[in-house]
Amino acid sequence: MPLVSMRQLLDEAAKGGYGVGAFNVNNMEQIQAIMEAARETKSPVIIQASRGARSYSQDKFLYHLMLAAAELYPEIPLVMHLDHGNSFETCKSAIELGFTSVMMDGSLKEDGKTPSTFDENVAVTKAVVDLAHKHGVTVEGEIGVLGGIEDGHGAGGSGLEHVTDPEQAVEFVKKTGVDALAIAIGTSHGAYKFSKKPDGSVLKMDRLIEIHKRLPHVHLVMHGSSSVPQDLQDVINQYGGKLKPTWGVPVEEIQLGIRNGVRKINVDTDNRLAITGAIRKVFAEQPEKFDPRDYLKPAREAMKKVVALRMTQFGQAGHASDYKPISIEEMKKFYAGQSAAAK
Ligand code: 13P
């Protein structure tokens, strides 16, 4: 199966009332872990690469690994998505390379740190939408600002400084025409999200529900959605790691989100934890080992388990063959028709 558009995956998820995990990658083992989990659970897949991942891997390597994934797992609809594009140029280069979906994170200025104004965000996102849709490529925008920093990208903070304003969300979608909308509801990137199990004072699910009520047909995206499970933390600390006590986003809150318009759920940290724990275990228990395969295989297996579990919890499991993929060429026509109708 060729790489497919994220718009189609999310439209189908909306019809079926489920969510789709979007998992970050930097290398071959992570892509293999996701594809194996997808095959096992029969799930459609979104694989995403940040700017950091693109520069770490020289993105051509990642691109060709994705093509290999599409070839080796022909039964799985597979989206290649740019996570947190910081500028028009970054999104353009991803589209030119062959990504089938891009995120223009105009909530921050091009430095990837400083919150932008609403008008700046609208202008850059709209420019990316115009370009991407001409190429049949999906666009995710962001309104409000997430907390934390991931791969050098982020405003820092707890995530409560710039919670999404529902009114602005409506205006943003109208002015930009994005296919999916990331909102800020108190989550943040990384392992340190909450200092105890989050309640409504720090994880604003009410806000999400309010936004969904005003934008019932818009695909919402939850970033910073790792659950940071205790068992994954424990493995790391048991084998010499030094994670401080921390809490992530409980899966039941994500499921509440899915019942209220969330179609894409971003997960990176949980997989990083699983990989690190598995590698630490081999290093601690078998210090004589030095073949990278001896620790990368268990690392890949540990990540696969987490991804398969999330695919089941988000509801995408079993939906890989529900629909025939729409080609990117056909998506170009779809968007052209949409903009003609809007005139
Ligand atoms: P986590 O750090 O919670 O996994 O979030 C990842 C993310 O939102 C990527 O954009």
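Residue indices begin at 1 and follow the sequence shown. Everything quoted here is computed from the prediction, not taken from an experiment. First listed ligand is number 1; within each ligand, the first listed atom is number 1.
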Donor-acceptor side-chain pairing of [X] and [Y] below 3.5 angstrom:
X      : Y     : answer
Gln48  : His84 : no
Asp83  : Asn24 : yes
His219 : Asp11 : yes

- Task: Would you check if the distance from the ring center of Phe283 to the ring center of Tyr295 is below 6.0 Å?
- Result: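 Under 6.0 Å, so yes.
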Near [X], which atoms of ligand 1 are under 4.0 Å from a heavy atom of that residue?
X      : result
Val267 : 4 (O)
His223 : 8 (O), 10 (O)
Gly224 : 1 (P), 3 (O), 5 (O), 7 (C), 8 (O)
His84  : 10 (O)
Asp83  : 9 (C), 10 (O)
His189 : 2 (O), 5 (O), 6 (C), 7 (C), 8 (O), 9 (C), 10 (O)
Lys193 : 1 (P), 2 (O), 3 (O)
Asn24  : 9 (C)

- Under-4.0 Å heavy-atom contact with ligand 1, by part of Ser225 that carries it: backbone
- Answer with yes or no whether Met103 contacts ligand 1, where contact means a heavy atom under 4.0 Å from a ligand atom.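 Met103: no contact with ligand 1 (<4.0 Å).
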- Query: Hey, are Glu210 and Arg214 close enough for a salt bridge, meaning a charged N less than 4.0 Å from a carboxylate O?
  - Reply: yes
- Message: side chain to side chain donor-acceptor pair (under 3.5 Å) for Lys244 and Gln233? Distances and angles first, verdict last.
- Response: CA-CA 9 Å; Lys244 291 173 277 181; Gln233 296 182 46; over 6 Å; no
- Query: For the residue pair Ile265 and Ser225, what are the closest heavy atoms and their distance?
  - Reply: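 The pair with the smallest heavy-atom distance is CG2-CB, 3.4 Å.
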